[in-house]
Amino acid sequence: MASLLDALNPEQLAAVTLPHQHALVLAGAGSGKTRVLTTRIAWLIRTGSVSPHGIIAVTFTNKAAREMLTRIGAMLPISTRGMWVGTFHGLCNRLLRAHHREAKLPSTFQILDSQDQLALVKRVMKAMHVDEDRYPPRQVMSFIAGAKEEGRRPRDVETYDELSRRAHEVYAAYDEQCQKEGVADFAELLLRCHELLAHNEPLRSHYQSRFRHVLVDEFQDTNRLQYRWLKLLAGPDTAIFAVGDDDQSIYAFRGANVGNMEDFRRDFHVENIVRLEQNYRSHGHILDAANALIGHNRKRLGKNLWTSAGEGELLRVYEAQSDGYEANFVVEEINALVRDGFARRDMAVLYRSNAQSRVLEHALFSQGIPYRVYGGLRFFERQEIKHALAYLRLIANPEDDGAFLRVVNFPTRGIGARSIESLQDAARAHGATLWHAATTLTGKSATSVGAFVRLIGEMRVATAGLSLAETVEHVIEKSGLVAHYRKEKDGAERVENLQELVNAAAAFTADDANAALSAATVASAATVGDGDPAPADPLSAFLAHAALESGDNQAGEGADAVQLMTVHSAKGLEFHAVFITGLEEGLFPHESSVTEDDGLEEERRLMYVAITRARTRLYLTFSQTRMLHGQTRYAVASRFLDELPKEALRWVTPRLAYDVRPGRLDDRAWSAAQPPARYAARVADKAGLPFRIGQNVMHPKFGQGVIVSAEGSGPEARVQINFGRQGMKWLQLEYAKLTAA
DNA sequence: AATCCGTCTATTTTT
DNA sequence: TAGACGGATT
């Protein structure tokens, strides 16, 4: 026991050994959050206060769930089987599979990923003759997802405008269609599971008494429905152990509700609140900067990180003339760091939006520096994989219209738009699925649709006795997918991926299926049965796995490469050296955040997350000009730079030839941008304005700004000025009292 | 059925 | 700027 708790600091120890009561752990960045969570679980089991069977631990990502399992496994001699550790969606899926009848789902129900979901929304809208231009499917989809995340079915939804009224109608039809096809989108997993527990008292009390400990990771990221789900799961003898950091809440845009932390405290009368403030990651100046920055936020539970590691290096600030120069600076510094013996994989270049990666990649590539870009297409999202999965889905559940449409004519088998349309008409007329229409209409006839129906039928028969891997192998061959991609000129990689899918299926049977599906069933004589099912249908399980865990996005995990990613995806990671790039008003903080409620505070939290990724060295860079949407934009430095303590910063921009302002290294003049002369000259000639684009100006009301663009001439002339935190303004030159600054 | 071309759009993302 | 998408063309 001692060894388990040995290396914990007093706060961590307090959290780990809390009594069997609800608790909220405010875990600052780098404060050993995962360690506390996993040690808590190990401690509970070791002290015999609960069996693995009585624990459920919820995370947001599969990665976090895996990490937790690995670490628990390392701490405990016993098997972690029987313990429910997973994502909200994964755990709900498990419950729904186990109780599919009560949840009114077929045992083989399929999970729609966002791609599938959007396709279904479009299909429903088309059937309803809803104008896609007036009601963009994406917006309708997020309306539906948003409603579900609030726990609302169509009958509970309030509409407020034209779009929401129409979206509401689509929602109703969409839900009906999902039910007909036996498919569930991501939000549906949670909502359906919530309803299952809410409406089925025996089931609810069964799980409530089973799970004596509910542990939640990243609690600040939970949405309303997830919180309600947790509340349902917690019975009178359940203790919820929630770990989170309100300062790292950066997912409000997808429904995360930090307010859940306050609500939790109130709803559960939480008395045990532990703050983990000792940071084991970053040096002093970095933490000073992080603390000072986040101190500008009003809405906080309050926390101050400290370290015993010493002050360390100053943060290096660099102002570039253009995004290209900024990238070059980053590359030079990376080269220098490599020369000093640091691993590239221990350096990260962060940016606010993905579009910024291009210039950086270009610079890295031309210098021959290996790099890896996070994000992008994941394995199970690839076209060829989705196609193969669609065949598999049809074998498991032919009513799946999405899967049907995806492959009915792929590879092409002479089923054109008109035959598909007549199928859709028939299906609609009978209120049935496409499969139903196809089988009843064409029956055993010699039409191409009939041939497709037979193909699927044959596949189902042929794979009935096969292993999962053999099934996949059979399907990718017999469907003609492999042959099709062999013929295609750039198909080699796709064929490889299909082969990789077979491997994934083989691996799945070995590990995941057992871990996920046949976890120890501690005999529950309960009438209810337990969510530890006998490995029901391996194919459905594999398909669920494919939807819930979309796989890695890139190969080359092991390579020593510089890591490029958005600040969002850097959350939870740490690096020796971190570059935060594009620190400009309008970009970071992003311009669309100023109109959102609490948008700026969320941007600031994002910056806080970015800063706290760095262990020893942190670069903050921005550029005077940036190519955005095909246009050069002039920008001023991000206000976040002003919010950092000067004592922690070291200005590293070399004095530029054109820049002769005195004392610029010391005073705040650098926060106004000076564009390269060549841009200014060209535009000034053309527009004939007294002011140049890129020029710094002073306005009596708005203060200092930079001219971003101009239009018109003479008395009509107007200029657009970026006043930094005052925002972007169009001013008529004739009236605006502008002076050169 | 495949390819081409014009139009549109552009924050962040996991499941 | 560049990628995605939809419609039209070959």
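Letters A, B, ... mirror the listed sequences (proteins, then strands); counts begin at 1.
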*Euclidean distance, A:R153 CZ relative to A:K148 NZ, rounded to 0.5 Å*: 5.5 Å
*To the nearest 0.5 Å, what is the distance between CZ (A:F640) and CD1 (A:I580)?*
10.5 Å
*Enumerate the residues from residues 355-364 of chain A whose closest heavy atom to DNA chain B is under 4.0 Å, giving them by residue number; use none for an empty result.*
none
From [options], nucleotide with atom closest to [X] side chain:
| X | options | value |
| --- | --- | --- |
| A:H590 | B:dT15, B:dA1, B:dT11 | B:dT11 |
| A:Y251 | B:dT13, B:dA1, B:dT15 | B:dT13 |
| A:T87 | B:dA1, B:dT15, B:dT13 | B:dT15 |
| A:R352 | B:dA1, B:dT13, B:dT11 | B:dT11 |

Taking any heavy-atom pair under 4.0 Å as a contact, classify [X]: base, sugar-phosphate, or nothing.
| X | result |
| --- | --- |
| A:K571 | nothing |
| A:N354 | sugar-phosphate |
| A:N62 | sugar-phosphate |
| A:E596 | base |

_So, does A:N409 get its side chain near the phosphate of B:dA1, meaning an N or O under 4.0 Å from OP1 or OP2?_
yes
*Is any side-chain N or O of A:T566 closer than 4.0 Å to OP1 or OP2 of B:dT13?*
yes
Can you tell me how far [atom2] of [N] sits from [atom1] of [X], to the nearest Å?
| X | N | atom1 | atom2 | answer |
| --- | --- | --- | --- | --- |
| A:R604 | B:dT12 | CZ | P | 21 Å |
| A:F186 | B:dT14 | CZ | C1' | 8 Å |
| A:E603 | B:dT12 | CD | P | 11 Å |
| A:Q631 | B:dT9 | CD | P | 16 Å |
| A:R66 | B:dT14 | CZ | C1' | 13 Å |
| A:L350 | B:dT12 | CG | C1' | 13 Å |
| A:L600 | B:dT11 | CG | C1' | 15 Å |
| A:E488 | B:dT3 | CD | C1' | 13 Å |

*Contact interval (first through last nucleotide) of DNA chain C with protein chain A, 4.0 Å heavy-atom*: C:dT1 to C:dG6
_Euclidean distance for C1', C:dG3 against B:dT14 (whole angstrom)_ = 23 Å
*For the residue pair A:Y251 and A:F253, categorise the inter-ring angle as parallel (less than 30°), tilted (30 to 60°) or perpendicular (more than 60°).*
tilted
*Would you verify whether the NZ or CZ of A:R393 falls within 45 degrees of the ring axis of A:Y391 while also being under 6.0 Å from that six-membered ring's centre?*
no
*Any cation-pi pair here, A:R97 with A:F109, using under 6.0 Å and within 45°?*
yes
*DNA chain B: A:F60 or A:E602, which has the more 5' nearest nucleotide?*
A:E602
*Of A:S593 and A:R413, the one whose closest DNA chain B nucleotide lies more 5'*: A:R413
_A:R224 with A:E149: basic N within carboxylate O range, under 4.0 Å_ = no
_Under-4.0 Å salt bridge between A:E421 and A:K126_ = no
*For the side chain of A:S114 and the base of B:dT15, is some donor closer than 3.5 Å to an acceptor across the two?*
yes
*Aromatic-base stack, A:F253 on B:dT12, cutoff 5.5 Å, angle under 30*: yes
_Measuring centre to centre across the rings, with the benzene-like ring taken for any Trp, is A:Y207 within less than 6.0 Å of A:H99?_
yes
_If you take the centroid of each ring, where Trp contributes its six-membered ring, are A:Y608 and A:H296 closer together than 6.0 Å?_
no
*asked:* Between A:N257 and A:N260, do the side chains contain a donor N or O and an acceptor N or O under 3.5 Å apart?
replied: yes
_Can you pull out every salt bridge (Lys or Arg N to Asp or Glu O under 4.0 Å) where at least one residue sits in residues 244-256 of chain A? Sequence neighbours excluded, please._
A:D245-A:K303, A:D247-A:R300, A:D247-A:K303
